[in-house]
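Worksheet: the structure to be examined is printed underneath.
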Amino acid sequence: MEIVTRFAPSPTGYLHIGGIRTALFSWAYAKKNKGKFILRIEDTDVERSTQEAVEIIKNGMKWLKLDHDDDIIFQTQRFDRYKELIKALLDQGDAYYCYTSKAELDQLRELQVSQGIKPKYDGRWRPEENKNLPDIPDNVQPVIRFKTPQNGEINWKDLVKGEVAIKNEELDDLIIARPDGTPTYNFCVVVDDWDMKVTHVIRGDDHVNNTPRQINLLKALNAPIPQYAHLSMILASDGQKMSKRHGAASVMQFRDDGYLPEAVTNYLARLGWSHGDDEIFSLSELAEWFDFDHITSSAAQFDKEKLDWINNHYIKNEPVDKLAALIKPRLIDRGVSRVETDILNDAIKLYQDREKNLNTFADDILFFFQDIKVSDELKNKYLSEKSKSLIRAFVGELEKVNWTNDDVDKFIKAFVKYEDIRFPEIAMPLRVIITGTDNTPSIGSIIFIVGIEVVKKRISVILE
RNA sequence: GACCCCAUCGUCUAGAGGCCUAGGACACCUGGUUUUCAUCCAGGCAACAGGGGUUCGACUCCCCUUGGGGUCGCCA
């Protein structure tokens, strides 16, 4: 049987990092088994679903290179199918109309909470043998509820949590259709997973409690029960629930914050899953290695330091032209009007080992393209009268140097020797004047890349 | 409150009863390389939540406690 998995987000906002991790594992499991990975948009809540959010999901998946099979499925395009099956359930006596209003439900819930019992629909409209149903009120459009079995329990062998059992008495008769006839979440999921022949439902921990409802629905529809895998949540670094406001939760935020997609998927996959001591692996290695046996069942805390470390790894190994394409727009955002390709490429080569983020990368090489300002603190620290006169002598001789990186390096060394000074005595003032900071790679390479004119200009600005 | 799930270094994790004197990675600390910083290299610090069982033997199995998380919508 072909393995089919799916990612089923609802388009109501940003793409959550926890959601994308379930997508990542679903994708990997399908790939590993040469099966199918489906993207399904759960947009039955017409009020809250937006086209913009659909685009965010598509872009996020594309950015992370999580390709799906088949066309994207939208639940709103399948309403006829849902209605057909709701009718079947009604006809076979597994569903019924309920005229209880929202206000009455709120009242009931309040009462139950005050009594310290689990809030639950009381089944007042549930047809039962020898039971008199209330009179149907005027002008009330009913919802349709599923007649959940009242005895027994539902259990399944969860691929990550093991045996899970929940008693039917814990469940109530869930609403499967709203007064306007639109179907609700649990019902659509069940029908879709069935119709799409989904074999493995891989989703977040927060759906564990929906699983028995869905299994009951599946049974009533006489549909096969898929395998379930409930992944634990990702918590923010303080152990609290992660959200847009708390801990960076939006996938696109990671892109904007300067992370490479490979770093994000690598980090996320390693969070809660392991393959021996491997820390760095590609998407295709994940697809090859993935299994449920090595998924942790406990929640994991998000650790930015480790993500940064992984991001640095990928930045170090990324081809220069790819990095250039990512960094150029960031330089422009920072006010650079013209980005010389040669300078950019050289700057990237010189800096890529040390950078753990595309944004700070752009910040660090900004001085190649833009005038800088030297802080008073740095001036006081490095620009004494003696160093200023050294700089004057240096720049006078620099003009005579044959302009290769090698010759510039040789020249600096020769200058140090000639003046009988220590290397930092000339290197640090030059660093500060040319780059505006005292931590940089080789000063010789920097001088070579920015060029004699810029060096002269920045020195003259400072010396005057 | 009820129900469900979870529990190894600060963090992510390895661990399928003897391989554990509990391994790796991030972070942190020290040293080396780099006459700056980062990278890189070498070394170090650091954990089985607590209590009961089961067993010749428990990080591993069972129970309880504690702690954490999730769910209890005409949201998904």
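Lettering follows sequence order; numbering is per chain, from 1.
Side-chain to base pairing of A:Arg422 with B:rU35: no donor and acceptor N or O lie closer than 3.5 Å to each other.
Taking the ring axis of A:Trp194 as reference, the NZ or CZ atom of A:Arg81 stays within 45° of it and closer than 6.0 Å to the ring centre. Geometrically, A:Arg354 engages A:Tyr351 in a cation-pi contact, judged by NZ or CZ lying under 6.0 Å from the ring centre and within 45° of the ring axis. Both cation-pi conditions hold for A:Arg145 and A:Tyr121: the charged atom is under 6.0 angstrom from the six-membered ring centre and inside a 45 degree cone around its axis.
B:rG24 and B:rC9 have their P atoms separated by 16 Å, given to the nearest Å.
Residues of residues 267-278 of chain A having a heavy atom closer than 4.0 Å to RNA chain B, listed by number: A:Arg270, A:Leu271, A:Gly272, A:Ser274, A:Asp277.
Once the 5.5 Å centre distance and the 30° plane angle are applied, the aromatic ring of A:Trp309 is found not to be stacked with the base of B:rC26.
The A:Thr296 side chain lies nearest to B:rU13 when the options are B:rU36, B:rA38, B:rU13. Taking the side chain of A:Glu305 as heavy atoms from C-beta on, and the options B:rC6, B:rA27, B:rG24, the nearest nucleotide is B:rA27. Candidate nucleotides B:rG69, B:rU36, B:rA25 were compared by shortest atom distance to the side chain of A:Glu279, and B:rA25 ranks first.
Between A:Phe187 and A:Tyr82, the ring-plane angle classifies as perpendicular under the 30° and 60° cut-offs. Ring geometry, A:Trp125 versus A:Tyr99: the interplanar angle falls from 30° to 60°, so the pair is classed tilted.
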Would A:Asp173 and A:Arg126 satisfy salt bridge (Lys or Arg N to Asp or Glu O under 4.0 Å), going step by step from the backbone distance to the final call?
CA-CA 8 Å; A:Asp173 288 352; A:Arg126 178 180 170 115; 2.9 Å; yes
How does protein contact run along nucleotides 71-76 of chain B, one letter per nucleotide 5' to 3', with B for base contact, S for sugar-phosphate only, - for none, heavy atoms under 4.0 Å?
SBSBBB
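Across all strands shown, the partner of B:rG1 is B:rC72, judged by Watson-Crick or G-U wobble contacts whose two distances both fall under 3.5 Å. Within the shown strands, nothing qualifies as a pairing partner of B:rU54 under the Watson-Crick or G-U definition with both distances less than 3.5 Å. Nucleotide B:rA7 has B:rU66 as its partner under the Watson-Crick or G-U criteria, with both atom distances under 3.5 Å.
Between A:Lys316 and B:rC40 there is a side-chain N or O to OP1 or OP2 distance below 4.0 Å. Within the 4.0 Å cut-off from OP1 or OP2 of B:rG15, at least one side-chain nitrogen or oxygen of A:His294 is found.
Considering only residues two or more places apart in sequence or on other chains, A:His68 meets the ring pair (Phe, Tyr, Trp, His ring centres under 6.0 Å) condition with none of them.
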